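Below is one structure, written out as structure tokens; comments come after it.
Keep in mind that the numbers below use all heavy atoms, side chains included, and drop hydrogens, waters and symmetry copies. So that the names make sense, note that chain A is the first sequence line, chain B the second, and so on, each numbered from 1. All values derive from a computational prediction rather than experimental measurement.
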Amino acid sequence: MNYNFNEIEAKWQKYWADNQTFKAKNPGSPPSEGLGEAYYVLDMFPYPSGAGLHVGHPLGYIASDIYARYKRHKGFNVLHPQGYDSFGLPAEQYAIQTGQHPAVTTENNIKRYREQLDKIGFSFDWSREVRTSNPEYYKWTQWIFIQLFESWYDHEQDKSRAISELEEIFASEGNTKVKAACDDDVEDFTAEEWNAFSSEEKQKILLKYRLTYLAETEVNWCPQLGTVLANDEIVNGVSERGGYPVVRKKMTQWSMRISAFAERLLQDLDKIDWTESLKESQRNWIGKSVGAMVEFPILSFPEGEEKAQRGYMTGGNNSHLLLEKARENRNDPTDAERILWKHLRNKNLGYKFRQQHLIYDFIVDFVCLSKRLVLEVDGGIHDLQIEEDENRTAIIESKGFKVLRFKNAEVIGDIDAVLEKIETALSGQPHVSEKVQKAPPSGAGGIRVFTTRPDTIFGVTFMTLAPEHELVKKITTPEQKEEVEAYIAASAKRSERERMADVKSITGVFTGAYAEHPFTKEPVPIWIGDYVLAGYGTGAVMAVPCGDQRDYDFAKHFDLPIINIFENADISEEAFSGKEGTVIANSDFLSGLKYKEALQKAILELEKLGLGYGKTNYRLRDAVFSRQRYWGEPFPIYYNNGLPHPIPEHCLPLELPEVEKYLPTEEGEPPLGRAEKWHWDEKNEKVISQEEFESSPLGGGGGLELNTMPGWAGSSWYLFRYMDPHNEETFVSKEAKQYWENVDLYIGGSEHATGHLLYSRFWTKFLKDRGYLTVKEPFKKLINQGMILGTSAFVYRLEGENVLISKNLVGKNAVQPIHADVSLVNSSDELDIEGFKKWRPEFADSKFLTEEDGKYVVGREVEKMSKSKYNVVNPDDICENYGADTLRMYEMFLGPLEQAKPWNTAGITGVHNFLKKLWKLYHSSPSPSEGGENSFSVSDEPASKDSLKTLHKTIKKVTEDIENFSFNTSVSTFMICVNELSAQNCNQREVLEPLAVLIAPYAPHIAEELWSKLGNSESVVTAVYPVYEEKFLVESTKNYPISFNGKMRFTMELPLDISKEEIEKTVLEDERSKSYLSEATPKKVIVVPGKIVNIVI
RNA sequence: GCCGAAGUGGUGGAAUUGGUAGACACGAUGGAUUCAAAAUCCAUUGCUGAUAAGGCGUGCGGGUUCGAUUCCCGCCUUCGGUACCA
């Protein structure tokens, strides 16, 4: 019998499918004993694209499959599932072009993927397949979303907690003591205030704390395409597709508060077995920097305001104390204040009022910021300070406010009259826009900056704001206005990408304004420059040119002063950025201190002044979670009165509705806006329209969310669903999650380093916090397989002529390289000219200049494997021509798993020949009379010592290699093994049976066939892994390399049990040694027993 | 710029703790078999030299060591990630 791989592979693939050989046992249902130890091997599931698989795709799957099969031999209960990340953009775009439903496209692609995967002989447990686009699956994606919605992050306990617990805290103590992750614009309130809020107000506030929340986000909106574009989809300010204009637009989008988890995501990296480079990517992405927040009060305002506006951090005029005082007052109102507040708060007057609010340096009783109206209620104490109050009123009114003053008695006696007066005053006041009344994020009056080097604060010679910074408009002096506006306009035009690309040019404009240095009180000029990014930190920097190269360049360019505040540092050419060992100089109280001491001291002094505090900043930003797409998970959210609410759990899944077109609506709503019928399970109303929903008790006039979730939603938790994929009660049962825990080995591409792998860690931590999981991390060990590159083939066309010349004739001719399909080239790089002409008819009449031997040789280049480069190699073809076992072993043989490496089909014969030789070991040589057919022939005689040595050497090496994921070297080891056994004419069962098991993880089909021929009725999959025995490898002699001055000259066979001295004596007495020594006496002889002898002359 | 990985024959790669550099393959050359081809088998194959002796050789330049692909210092190049991150 010859090695008929096609037949053998089909046979065993059917056997595995029929017998469910790879089905992993789950705990729970009986018998739950005897499960064995759990081991979870997972591949990153694929997006089923229309192009199908090329030979690069299965690389990681083969590696994980080998490991999974190895673990089964070792007695583990192995979970090795596969599924599809089946929501995504390509299917949607195809739908837009052709009208075909993405579900149909996806289904077809999956079918094709499955066929291709099955041919390679993977040991997947297909009974656990998941697809992210299946309602049974995304039901739980939606459920997790709701859990996020119902949670907040407590920095005190460092975990996510139920939002109901937050409500309890608010009700009993307000929000001032809570250390929660929340939006920046949350205002302080007391328990009393909270309890007095309407439920609508409460919901608005809670939304600022939820782990998934609605926020205004700036996005790149393309009106023509009706969609949001990522930065890299924009080229020169217009869309990459179609070239339509793109505008920055604020949109209300769902966001995920991943930033709350930044520190844990960073710390826990130390606990997982990932490559250092991948961990480093995540560390950089999280971007922790420790430093300080510092406030620089603004000295001059263009309106001629002499005195700086002071923010809450300012301590020079006690505003910090004032603020505390205001809070106190709020908690302890007078009767009159309480009465008035009750009326004001309920918005009876149509405007929002604030209580005990800081206006400049004064606490006012009530203020309506949008109408600039201040209300004061005078208690008894006021009689004594009428004059002071007058001053105060004058100052406040000079800032554009109107002040109304009431007496206690007035309020208590006739509240209606008071309210009437207020109403009249309100109507008389001009309306002030939202923007102006809001305090700028940099603090009410000062410029807040984040710095990692507060120790260099005495080196500050100017400040730079991002052009988008909200303070810019307010502080710019009339003289500078024109220039500043021109600069802002110019930089707004440049896309973020352009700004990033153009690193070298230094641009900026002086605003004309000055800030006050916190310590020296010197004026510091305020500039704007687009090297400062609005999105990082506070969008403003304190510039220390002596210590920061960008500040240095900026200072040099605009001729700004540079102060050297480092001892013994030369800053004549460039900034000095050293930290450790640096001593600060020329810096008042910091002079003479080392970097670390100065850093702490600076923060301490800033805190004393109320102008700063230590702060840790993270680069990691909250993740936008809304997409204006069709083919994604619908949000389980509806709106009532403009506020979002989760759909009741029993109504999940909220199924993706049908639409007529996959484009946005004419009103600019996402494609789901076109849906007429929604599947809706509540109260047996199976299908309802958006209108019907709106008029239902739930809807209350609001509709369902029309955005869908991004691609990473479904992939962030799929690993847990595989543990218990058909559970309808919960996303994974308690028993299953306790038994399987998390993924022991995860294999996939490194392109997911900062996306999927980070989000998945985030969701896992969240689910753990809320008690839904028992593990902190999703993936214990992770390996990135390297990309398999294509080897493109080129023909060369002479410039301007219809002549194609062979590679070696190109010389200095001007030629144009043209991709040739690699299937038209043989292993010697010779082109099939006729085939090429057929393939590219435009070259049918071309003249082909060949080499002397008449061959046309193509040029070769390694490129990414892609259709457009005609270098794609299809695994189906390889399986057809060489077999799946050959494909599997060859992919492993190409090189280290984690390394990128080019594919070259020519090399596959080496592995294929090896499998043929392996087959031959188990078969007798044909005798001429038998017509050349081999027959199965294995002897039960004892094997030779040499054969046993070969076997055990192989067991040892292959096992070590598998444990180290060094699959390429284990393939070599198998080759050496089979070469040796062939030379030994070994055909003993004693050797060949263990060998079949050993190779089964790599070449499972041939192993099964040989295993069954050896007389085993059970599959080889569960056969016990051979045990390495040292005794077969024990040697009595060693072939010593004898070197002179470190150069190996010859070898000598010596017994291993003789002493150093004896070795030295024997070696020196050897004739060859004498000739190398040529009379000289050796200076020194190094003998390392069992290793080497080195003679120094 | 920063972070990470890597530079070894014509090619993919091996040498796992400092100990015979180039395992195992591909390709190439020569041969056997065959009418011929495919397949198979044998031999040679780092460079140089003459098929010898010898010399050179793991990106480059130094160093440590009896001995360095491996450790140290300084460069160069390639690939990947990331970026005016304050």
Side-chain angles (χ1 to χ4, degrees), chain A residues 2 275-285 287-289 291 449-453 456 463-464 466 499-506 529-533 535-544 547-551 553-554 617-619 750-751 753-754 784 786-787 791 827-829 860 862 890 893-896 898-911 913-914 916-917 920 957 960-961 963-964 966 968-977 979 1039-1051 1082-1088 1090-1097:
Chain A
N2 288 324
T275 59
E276 204 42 47
S277 65
L278 209 137
K279 289 189 194 179
E280 204 53 34
S281 295
Q282 291 214 342
R283 285 193 194 107
N284 288 340
W285 193 259
K288 180 179 183 175
S289 38
V449 299
F450 175 74
T451 175
T452 53
R453 296 296 300 274
T456 64
M463 307 193 70
T464 317
R499 259 166 80 173
M500 284 189 268
D502 181 18
V503 173
K504 289 287 160 251
S505 70
I506 298 162
D530 63 9
Y531 79 93
V532 178
L533 304 176
Y536 183 78
T538 60
V541 299
M542 61 176 221
V544 184
D548 182 287
Q549 194 57 43
R550 287 155 312 163
D551 296 342
D553 295 340
F554 197 87
N617 224 27
Y618 299 91
R619 199 187 77 104
S750 57
E751 67 272 23
T754 49
N784 292 127
M787 210 192 311
T791 311
S827 57
S828 316
D829 290 353
R860 291 288 200 174
V862 172
Y890 185 53
F893 186 62
L894 280 177
E898 306 191 32
Q899 195 174 300
K901 55 230 162 215
W903 176 271
N904 177 11
T905 305
I908 206 167
T909 53
V911 169
N913 285 340
F914 154 74
K916 285 201 254 182
K917 280 192 225 167
K920 270 193 196 167
K957 176 79 168 114
E960 280 168 7
D961 284 345
E963 299 279 2
N964 294 323
S966 176
N968 54 328
T969 51
S970 50
V971 176
S972 300
T973 307
F974 280 123
M975 289 174 170
I976 295 167
C977 173
N979 288 346
N1039 193 23
Y1040 277 92
I1042 312 299
S1043 49
F1044 292 79
N1045 288 341
K1047 287 243 175 242
M1048 206 282 287
R1049 294 304 178 183
F1050 58 91
T1051 60
K1083 260 189 204 162
K1084 200 173 176 186
V1085 179
I1086 314 273
V1087 178
V1088 185
K1091 286 246 162 114
I1092 200 170
V1093 177
N1094 189 22
I1095 298 156
V1096 189
I1097 307 171

Could you go over nucleotides 55-62 of chain B and give all protein N or O partners under 3.5 Å, atom names and distances?
none

Enumerate all atom pairs, one protein N or O and one N or O from nucleotides 46-48 of chain B, separated by less than 3.5 Å.
none

Test of understanding: with side-chain hydrogen bond (donor to acceptor under 3.5 Å, both in side chains), list the residues that count as partners of N964(A), not counting sequence neighbours. none
With K1091(A), which residues qualify under side-chain hydrogen bond (donor to acceptor under 3.5 Å, both in side chains), at least two apart? none
Just jot down the side-chain hydrogen bond (donor to acceptor under 3.5 Å, both in side chains) partners of N284(A), sequence neighbours excluded, or say none. none
Hits for side chain to side chain contact (heavy atoms under 4.5 Å, CB included) against S289(A), two or more places apart or cross-chain, chain-then-number order -> F450(A), T452(A), Y536(A), N617(A)
Under the side chain to side chain contact (heavy atoms under 4.5 Å, CB included) rule, collect the residues that match up with S972(A), sequence neighbours excluded. F893(A)
Under 3.5 Å, N/O pairs linking protein and nucleotides 30-32 of chain B:
none

With the criterion being N/O to N/O and under 3.5 Å, what pairs connect the protein with nucleotides 9-12 of chain B, and how long is each?
from, atom 1, to, atom 2, distance (Å)
G12(B), O2', L894(A), O, 2.5

Syn if the chi torsion is within 90° of 0, anti otherwise; quick check, which is G9(B)? syn
Given the structure, check if the side chain of K1091(A) and the base of U20(B) hold any donor-acceptor pair shorter than 3.5 Å. no
Could you tell me which residues satisfy side-chain hydrogen bond (donor to acceptor under 3.5 Å, both in side chains) with E751(A), sequence neighbours excluded, listed by chain and number? none
Can you list everything that forms a side chain to side chain contact (heavy atoms under 4.5 Å, CB included) with P896(A)? Sequence neighbours excluded, please. Q899(A), N968(A)
Applying side chain to side chain contact (heavy atoms under 4.5 Å, CB included) to D553(A) and not counting sequence neighbours gives I506(A), Q549(A)
